[in-house]
2 protein chains.
Amino acid sequence: MLSNASKYAIRSVLFLAKNSSKENKYGAKSISDELEIPLHFIAKLLQQLVKANVISSSKGPRGGFYTTTNDLNNNVCTILDEIEAGDVFEPCFMGLPQCGDENPCPVHHIVAPFKEAILEKFKHQSIADFAIEIKEDGTFLSLKGIDKK
Amino acid sequence: MLSNASKYAIRSVLFLAKNSSKENKYGAKSISDELEIPLHFIAKLLQQLVKANVISSSKGPRGGFYTTTNDLNNNVCTILDEIEAGDVFEPCFMGLPQCGDENPCPVHHIVAPFKEAILEKFKHQSIADFAIEIKEDGTFLSLKGIDKK
DNA sequence: GCATATAAAGATAATTTAGTCTTTTATTTA
DNA sequence: TAAATAAAAGACTAAATTATCTTTATATGC
Ligand code: SF4
Ligand code: SF4
């Protein structure tokens, strides 16, 4: 449903939203390390996001990527619009073009509410809100160092 | 989330479940036409599914693909296991490896119930049940010929 | 100003997924 | 038994995605 590129981009932006500031920037290298994302891949994505005004950056020593309070007004859909070609959720589960409530596939009644919920969140919740939620709920952007089995 | 291959395979099997029988077989060509799936692509998938005993086939004139009552006892997960490499739903939305209820990402509380619902259906509802549901609910496997705008 | 750190840009390579084509084998029907 | 039909098998091509590498531009601090 989401490409690696999108997943990487979302996690990176949320990471910056949670941790960065004008005074506290993160280089591509540290983001790559922290979130376990291929360095050159995430670097390119971050550059794209800077151009799209989703995040900010500065070059040189002590430079890096960060988010301003203005950046934080964006939402996740802004990220997806930038990274992903078309609409992420269409065509969806059964691969029918232009289906929907009128022409449902056999799993539409399960998929549709989910799509609506996730889209609502991605469209109407700002990155800032996400950052707050992440801090409050203690949700994860990376599982680096966490015991997996 | 699902590859084209999986989507094609599921739709084809459900199509056969709804329409075919030992006496009423469908060639790769007619399935390709009916569901608007590339001919040689679906042919290969159908052969795979025959080998995996998900559907049946016979060669020669009046031959083709069909489902037996025994075939219909399979479920959608059987199809996915055959077509897809690993587990379709892992890693999922945020691309975190081995996450879950204990280590939730920021959208886990939306994604998890959906994953559970769709997996429940794919695992515990037989292809036969699906066919009945499709007939009763009039859900779609193809939108060929239906007005799209 | 010079050395250094870092983003920016973009070329290139690898991998995976998707799709096509050709040949062979089995089955049916006439 | 011959001709026709359709699946089986597998080689091949194309496209998209993922990932890497190299070079250039810019800001910082000494
Ligand atoms: S009918 Fe609904 S669930 Fe099925 S493919 Fe279309 S939008 Fe997705
Ligand atoms: S935490 Fe839940 S929703 Fe998020 S990636 Fe893991 S399983 Fe998917």
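Quick note on labels: first sequence line is chain A, next is B, and so on, each numbered from 1.
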Position toward the 5' end of DNA chain D (nearest nucleotide), A:G60 or A:I42: A:I42

Residue pair B:H109 / B:P104, side-chain heavy-atom distance below 4.5 Å: no

Minimum-distance nucleotide to B:K59 side chain [options: C:dT22, D:dA19, C:dT25]: C:dT25

Side chain of B:V50 (C-beta onward), nearest among D:dA8, D:dT18, D:dA19: D:dA8

Touch class at under 4.0 angstrom, heavy-atom based, for A:A43 against every strand present: nothing

Under 3.5 Å side-chain donor-acceptor pair for A:N73 and A:S126: no

Donor-acceptor pair between B:T78 and B:D81 side chains, under 3.5 angstrom: no

Base of C:dA8 paired with side chain of A:Q47 (donor-acceptor, under 3.5 Å): yes

B:N75 versus B:H124, side-chain donor and acceptor atoms under 3.5 Å: no

Selected nucleotide, minimal atom distance to B:P61 side chain, candidates C:dA7, C:dT27, D:dT20: C:dT27

Nucleotide of C:dA9, D:dT20, C:dT20 approaching A:K51 most closely (side-chain heavy atoms): C:dA9

Closest-nucleotide ordering on DNA chain D, the 5'-leading residue of A:R62 and A:A5: A:A5

Proximity to the side chain of A:K44 - top-ranked nucleotide from C:dA8, D:dA7, C:dG10: C:dG10

